[in-house]
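I have placed the structure first, in the form of structure tokens, so that the comments after it can refer back to it.
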Amino acid sequence: MKKTFYITTPIYYPSAKLHIGHAYCTTIADAVARFKRLAGYEVFFLTGSDEHGQKIQRTAENEGVTPIEYVDKIVESFKELWKRLEISNDDFIRTSEPRHHKVVQEVFRRIRDKGDIYKGEYTGLYCTPCESYWTELQLDENGCCPDCHRPVEKVSEEAYFFKMSKYADAVLKYIEENPEFLEPKSRRNEMINFIKQGLEDLCISRTSFNWGVPVPDDEKHVIYVWFDALTNYLTPIGFLDDKEKFKKFWPADLHLVGKEIVRFHTIIWGCILMALGIELPKKVYGHGWLVIGGDKMSKSKGNVVDPMLLIDEFSADAIRYFLLREINLGQDGNFNRDALITRINADLANDLGNLLHRTLNMIGKFQNEILLAPTEGTELDKSLKDMAIDTAKNYRQLMEDMKISDAVKIVWQFISRTNKYIDETAPWKLAKDETQKQNLSNVLYNLAESLRIVSVLISPFMPTTAKRIHEQLKVSQPFEEIQLEDAEIFGKLEENHEVGKPEQLFPRIEIK
Ligand code: MSP
């Protein structure tokens, strides 16, 4: 049986259109999902939308439409963005869907029947934009939400509570004993400290609005949006209706989330799963934020970057490349238009684009587009082949370790090496010397093979470009069937293989 891999992104709030920071998170998840498929796993990749809660209800009211009318429109724009960005999700979960309501209510019921949910009175502070409860002590120096620094609201109402305090020690122990559960390490330490300060029971229902999943048998309450949202991860893998599928994909292999919601995914989600008697996910990875010139993106600052416009201008693959290459996953990273253009020109148009163009051009010119049988070759040939194999092997390890930016970088080191190999071997000189015929054939073969390997390795990052290289090389194996092992062998192109004509991969961008 195939190994399986279940990966999720957070489900995004449809309170506004998505920006480049959201696209960053989903692009990483997509690269990992594509890598795992390439490595032979059966992957289930989930993303979606987190549609309930007070903030959405208020926004819809302000716009004079019903919540569902409001979210329907925005969620369409999410789906459109993911399509344009070549996101290969296997399902898209909307928390407003009946299939999801059933799961949330069942989870609530099971935990309540067990005695871990009780009714009480909630008096406290609520941050509506973050949909988070806070205590006086947790507020920032201005008495505002410690996460988003906006004012909180005093709330007092009858509510259901989840006995989180009962699971605090168990979750703490779990985090401490399973270092791979929560990465990077800095986030792990943060969570350990957070739990050690003491966990209170969590208020998990509201009565002041109704846009949410009703509490079973007590419909004036709606279930707290985070309790509702977290269970999304159970819905599409058959929690209620497909035992086999559930067994196949749960526990999730990776919840990829932004650093500010690690707390929900490790502590609250951990407690909910423990109460349900279900295994915890294998890994929660808290990535850093994309900032603009060091600043958080926000409407009020007017610095929100629309990924759709960037895709229109530069192509999805160029944006994906930049996001995956420029930012170290665990840390914050800067988004900068000039840096993006520099990368496109230097790495994509120049290094990769020219390598393909020069290679196909020379095979066309010197050998009528035909690759001839190579021989063992020189020391130089051998060093290029060795580097190809080493790159593929190291790439596998780096991707397994979520060191995505490093994986991109070593592929580009290999591309640079291959460009240098052209300069060192000077095929145009070999072509003028009758005695160098075999040598020339070897060089051209090695270049085509190197590009074939590059196309496999970049396919999780830049699926369209990978396919275009594959097509220009006229690799006979169907692109969809390519596996990572195909990059770990040098010499798969057959003798007398005919390659295609070069087509430009990335035009150079003029800097205005
Ligand atoms: N709806 C919740 C998640 C529920 S998951 C069960 C939520 N939604 S969100 O739309 O506000 O954020 C979704 C994700 O986008 C979070 O992981 C957040 O960290 C990420 N990002 C939001 N802005 C970002 C950047 N500027 N940079 C990188 N990621 C960013 O939270």
Side-chain angles (χ1 to χ4, degrees), residues 10-13 15-16 19 21-22 24-25 50 52-56 58-59 122-157 159 161-162 164-165 167-168 171-172 175 182-206 208-209 224-230 255-272 284-292 294-301 303-304 330-333:
I11 47 173
Y12 299 94
Y13 288 131
S15 43
H19 59 56
H22 304 118
Y24 170 61
C25 178
D50 184 0
H52 294 132
Q54 193 164 13
K55 185 172 181 198
I56 301 277
R58 278 194 192 152
T59 316
Y122 179 77
T123 316
L125 304 159
Y126 195 71
C127 172
T128 304
C130 292
E131 304 282 12
S132 292
Y133 297 98
W134 300 106
T135 64
E136 205 74 55
L137 277 178
Q138 290 169 321
L139 298 182
D140 70 5
E141 61 282 10
N142 302 316
C144 292
C145 169
D147 268 355
C148 73
H149 306 289
R150 281 175 278 205
V152 290
E153 283 176 67
K154 276 221 159 80
V155 179
S156 183
E157 57 193 39
F161 286 83
F162 168 47
M164 254 198 354
S165 54
Y167 296 97
V171 169
L172 178 63
I175 296 177
L182 170 48
E183 287 185 38
K185 213 171 158 193
S186 52
R187 304 275 161 246
R188 205 171 140 242
N189 297 336
E190 258 174 46
M191 288 308 113
I192 290 175
N193 290 336
F194 191 93
I195 306 178
K196 281 187 173 162
Q197 283 165 19
L199 281 193
E200 293 180 3
D201 288 348
L202 180 71
C203 177
I204 52 162
S205 75
R206 303 287 310 272
S208 53
F209 64 93
Y224 172 43
V225 45
W226 269 100
F227 191 94
D228 161 358
L230 288 162
H255 289 324
L256 184 69
V257 301
K259 59 181 182 180
E260 86 290 10
I261 59 171
V262 166
R263 186 167 64 88
F264 296 89
H265 282 82
T266 51
I267 304 178
I268 300 183
W269 188 220
C271 291
I272 293 175
V284 176
Y285 195 104
H287 66 73
W289 274 8
L290 211 60
V291 292
I292 307 289
D295 259 350
K296 209 178 151 181
M297 246 177 283
S298 77
K299 259 198 212 153
S300 54
K301 286 193 189 115
N303 62 355
V304 177
Q331 294 154 19
D332 287 353

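What's counted below: heavy atoms across the whole structure, side chains too, no hydrogens, waters or symmetry copies.
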Pairwise distance OG1(T266) to CZ(R188) - rounded to 0.5 angstrom: 11.5 Å

Between NE2 on residue H149 and CD on residue E141, distance to nearest 0.5 Å: 7.5 Å

Smallest separation among heavy atoms of K301 and K296, with atom names: NZ-O, 3.6 Å

Over all atoms of both residues, closest heavy-atom pair of C271 and Y167: SG-CB, 3.7 Å

Nearest atoms (heavy-atom pairs only) where H265 meets I261: ND1-O, 2.9 Å

K299, NZ: over 12 other non-hydrogen atoms inside 6.0 angstrom: no

Intermediate values then yes/no, side chain to side chain contact (heavy atoms under 4.5 Å, CB included), C127 and C148: CA-CA 9 Å; C127 172; C148 73; 3.7 Å; yes

CA sep, side-chain torsions, deciding dist, call: H287, V257, side chain to side chain contact (heavy atoms under 4.5 Å, CB included): CA-CA 6 Å; H287 66 73; V257 301; 5.7 Å; no

Atom of G286, atom of P184 and distance for their closest heavy-atom approach: O-CD, 3.2 Å

Intermediate values then yes/no, side chain to side chain contact (heavy atoms under 4.5 Å, CB included), Y13 and E131: CA-CA 11 Å; Y13 288 131; E131 304 282 12; 4.0 Å; yes

Criterion ring pair (Phe, Tyr, Trp, His ring centres under 6.0 Å) on Y224 and Y133, from CA distance to verdict: CA-CA 10 Å; Y224 172 43; Y133 297 98; 4.9 Å; yes

Nearest non-hydrogen partners of D147 and E260, listed with the distance: OD2-O, 4.1 Å

Pairwise distance CG(D201) to OH(Y122) - rounded to 0.5 angstrom: 12.5 Å

From K55, R206, R58, residue fulfilling salt bridge (charged side-chain N to carboxylate O under 4.0 Å, His left out) relative to E153: R58

Over 12 non-hydrogen atoms of neighbours within 6.0 angstrom of CD in E157: yes

